[in-house]
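What follows is a single structure, written as structure tokens, with notes after it.
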Protein chains: 2
Amino acid sequence: MSGASKSSGRSIADEAAARKRGRSLAALGYTKPRTYEELRAVLSSGTVHFPKRLRQVAIFLWQHPSDVALGTIAQVAEQAGVQPSTLVRFAQIFGYAGFSDFQGLFKDHVKGSWPEGRARDGQEQAAAEPNANLHFLNGLVGASQASLGRIDKDFDIASFERMVDLLANADLIYVIGSKRAFPVTTYLSLTLSQQGVRNVLVDNVGSTALDQVGCIGSRDAVLAVSFSPYNSITPDLVAVAHERKARIVTITDSTFSPLVQLSDTWLEVVEQDFAGFRSLAASLAVGMALVHGVVARRTA
Amino acid sequence: MSGASKSSGRSIADEAAARKRGRSLAALGYTKPRTYEELRAVLSSGTVHFPKRLRQVAIFLWQHPSDVALGTIAQVAEQAGVQPSTLVRFAQIFGYAGFSDFQGLFKDHVKGSWPEGRARDGQEQAAAEPNANLHFLNGLVGASQASLGRIDKDFDIASFERMVDLLANADLIYVIGSKRAFPVTTYLSLTLSQQGVRNVLVDNVGSTALDQVGCIGSRDAVLAVSFSPYNSITPDLVAVAHERKARIVTITDSTFSPLVQLSDTWLEVVEQDFAGFRSLAASLAVGMALVHGVVARRTA
DNA sequence: TGAAAATTGGAAATCGTGTTCGAAAGCGGT
DNA sequence: ACCGCTTTCGAACACGATTTCCAATTTTCA
């Protein structure tokens with residue numbers, strides 16, 4: 001609220017200053033947004049086209065309003081990945097004198113939705129859900145959360161560390177998984193690559209998977225992901241890799257998985273399902289942690 | 001959060017300084033409260049008796065936590081009807097270096113009760129975790145759960161139903177998404193197929209994506225998934241589909257997505273990230289719900 | 001391809017904020 | 001009522017935060 005009161009007394013000078021820079025939105029027929037909702041409306045209208053960095057700022061403001069309200073300009077800038085001056089420029093484009101002034105908008109908003117907005121009614125809401133689609137969505141969310149919750153409970157950290165070791169020491173990592181596991185492997189492969197870890201995603205495009213794994217050497221490692229029913233091509237591919245003496249680490253959902261016997265180390269991740277639709281949340285989280293562990297080990 | 005981290009590094013010196021003033025609570029057997037809840041507990045315990053001005057401060061803190069979090073010391077002092085220095089003294093009595101440090105408590109609390117800040121819970125929980133890998137895993141789980149939690153809060157059920165409508169009435173569904181969105185689209189495509197809904201996953205294998213979307217007709221629909229940064233091929237592909245008069249529904253993470261303007265209907269799903277690794281849990285859950293909705297509509 | 005314009009990064013300068021400190025006022029005990 | 005201790009006040013100071021400005025870079029348009 002202080003920000004608002006302060007700005008009101010200086011708005012004329014502010015706008016004059018901004019206009020002098022020739023970038024004020026007033027020139028575009030916009031008036032300075034006076035509330036957080038107005039700002040959101042302007043941002044979402046899509047009529048304003050920002051260059052790269054300023055767009056980055058807009059996206060961050062959109063997604064993390066409370067961080068903007070509570071932080072200093074330096075903190076916000078770092079989190080958004082831009083320079084502090086960029087934030088100031090952004091604020092000025094909207095007709096504000098500077099960041100502090102602009103921040104008042106966010107402070108007001110956060111304060112406004114407090115403490116009335118504290119109603120933690122997740123459970124009650126779900127219980128009396130009239131809409132079938134919402135009911136289903138809540139069921140899926142529940143299944144995902146249950147899967148995630150189970151990770152904390154019984155997680156074999158020793159196996160996990162062995163897996164990190166094996167993968168980190170590998171020459172090349174082959175990522176294998178089909179059907180339901182494929183989304184997991186694509187994300188793992190993408191993330192590994194983004195982190196600079198060379199890897200091959202065995203996707204079986206062109207039915208070349210067997211030939212790909214035929215190239216595996218004894219200094220390579222296989223990261224396999226497989227869920228029941230185990231009727232996909234994955235066990236076959238892993239068996240080939242096993243014959244070729246590669247290290248094999250597996251994420252699967254039971255000891256009955258045919259991959260368990262082939263693996264040097266394996267982790268059990270059980271996903272909950274709702275009405276036949278199975279979550280992938282836990283597998284993704286564990287997989288990401290694996291990637292992170294490998295990167296950390298390699299750069300150490 | 002910055003306040004908290006800052007304090008941890010200086011706490012020893014802080015407490016020494018406070019003790020020298022002879023008013024530290026440590027002398028009374030109290031330890032410095034580390035969270036807002038702990039502070040409330042101490043205040044409400046009634047075991048500490050403050051002189052007039054300090055009591056005034058305590059009452060104000062109790063009743064207006066958000067003002068304390070958002071304001072400057074001068075503003076808080078004025079609202080509470082005391083001098084700024086009184087606030088500093090109050091903070092020091094509790095073992096903090098000063099008001100800024102103390103204020104961090106309130107900022108954390110406010111941010112924690114704000115949707116996108118909830119992953120912090122997992123992070124702090126993990127702070128006591130000795131194993132770095134476990135810490136990271138917990139962070140990811142926290143991010144996933146925060147993402148899922150946000151679905152309940154603000155979900156545009158109307159948009160969702162329009163999306164189901166459009167997809168259910170489509171002749172053929174094209175599923176488009178690249179990079180981080182690709183795992184989501186692969187799972188959507190797989191599930192659609194398993195449920196008997198004909199669809200094309202535009203995966204750009206062989207760089208044929210443009211040719212694929214060139215076949216889209218006006219009775220088809222596109223289900224696009226895209227996250228920031230929006231620098232992939234997805235917008236180009238969707239633009240082609242748009243020109244060919246197909247219905248377009250989108251799952252994305254902000255209004256700045258270039259897909260929004262091309263879409264008939266879109267849903268905002270914001271994923272939390274942890275150390276740069278972003279969750280997909282919420283997008284997957286929403287996507288699955290979409291598939292289920294389409295199947296239900298078609299078989300009805 | 002080259003020139004002009006727009007955008008961005010970064011450091012220097014400015015401004016505001018929090019903290020400290022000494023003096024004054026209040027309070028309780030003798 | 002006096003003395004000593006505690007609490008409060010308010011101004012000066014120092015620090016950190018914000019803003020400004022200019023050079024470097026990127027983009028745009030001819």
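In what follows, every chain begins at residue 1, and chains take the letters A, B, ... in the order their sequences are listed.
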All N/O pairs under 3.5 Å across the protein-nucleotides 8-15 of chain D interface:
unit_1	atom_1	unit_2	atom_2	d
D:dT8	OP1	B:Arg53	N	2.7
D:dT8	OP2	B:Arg89	NH1	3.2
D:dC9	OP1	B:Arg53	NH1	2.2
D:dG10	OP2	B:Gln83	NE2	2.6
D:dG10	O6	B:Ser85	OG	3.2

Is there a ring pair (Phe, Tyr, Trp, His ring centres under 6.0 Å) between A:Phe90 and A:Phe50 once you walk through the steps? CA-CA 10 Å; A:Phe90 188 91; A:Phe50 292 114; 5.4 Å; yes
Look at atom CD of A:Gln194 and say whether more than 12 heavy atoms of other residues, nucleotides or ligands are closer to it than 6.0 Å. yes
When you compare the side chains of A:Asp108 and A:Thr35, does any donor N or O come within less than 3.5 Å of an acceptor on the partner? no
To the nearest 0.5 Å, how far apart are CG in A:Leu105 and CG in A:Leu39? 5.5 Å
Does a donor on one side chain and an acceptor on the other come within less than 3.5 Å for B:Thr252 and B:Glu268? no
Partners passing ring-ring contact (aromatic ring centres under 6.0 Å, His included) against B:Phe277 (at least two apart in sequence or in another chain): A:His292, B:Phe136
If you restrict it to nitrogen or oxygen atoms, what contacts under 3.5 Å exist between nucleotides 13-15 of chain C and the protein, and what is each distance?
none

Please report, rounded to the nearest Å, how far the P atom of C:dT19 is from the OH atom of B:Tyr96. 13 Å
End axis versus end axis in the helix from C:dT1-D:dA30 to C:dT30-D:dA1, the angle rounded to 10°, five pairs used at each terminus: 30°
Strictly distance-based, threshold 3.5 Å: is any side-chain N or O of B:Gln56 a donor or acceptor partner for the main-chain N or O of B:Val82? no
Taking ring-ring contact (aromatic ring centres under 6.0 Å, His included) as the definition, give me every residue that meets it alongside A:Tyr36, ordered by chain and number, with sequence neighbours left out. A:Phe106, A:His109
So which nucleotide from D:dT19, C:dT17, C:dT19 ends up closest to the side chain of B:Phe99? C:dT19
What is the distance from atom OG of B:Ser283 to atom CD of B:Glu271, rounded to the nearest 0.5 Å? 3.5 Å
So salt bridge (Lys or Arg N to Asp or Glu O under 4.0 Å) across residues 233-250 of chain B, not counting sequence neighbours, yields B:Arg247-B:Asp264
When rounded to whole Å, the CZ to C1' distance for the pair A:Arg55 and C:dA6 reads 16 Å
Just how far, in rounded Å, is C1' of D:dA17 from CZ of A:Phe102? 18 Å
Take atom CD of B:Gln75 and atom C1' of C:dG16, then tell me their distance rounded to the nearest Å. 11 Å
Using whole Å, report how far CG of A:Leu87 lies from C1' of C:dG9. 13 Å
Minimum-distance nucleotide to B:Val88 side chain [options: D:dT19, D:dA17, C:dT19]: C:dT19
Using whole Å, what does the distance between atom P of nucleotide D:dT19 and atom CD of A:Gln103 come to? 9 Å
Within the 4.5 Å heavy-atom criterion, are B:Val175 and B:Val202 side-chain neighbours or not? no
Whole angstrom value for the distance that separates P of C:dG16 from CG of A:Asp101: 12 Å
Nearest-Å distance, CD1 (A:Ile73) to C1' (D:dT20)? 12 Å
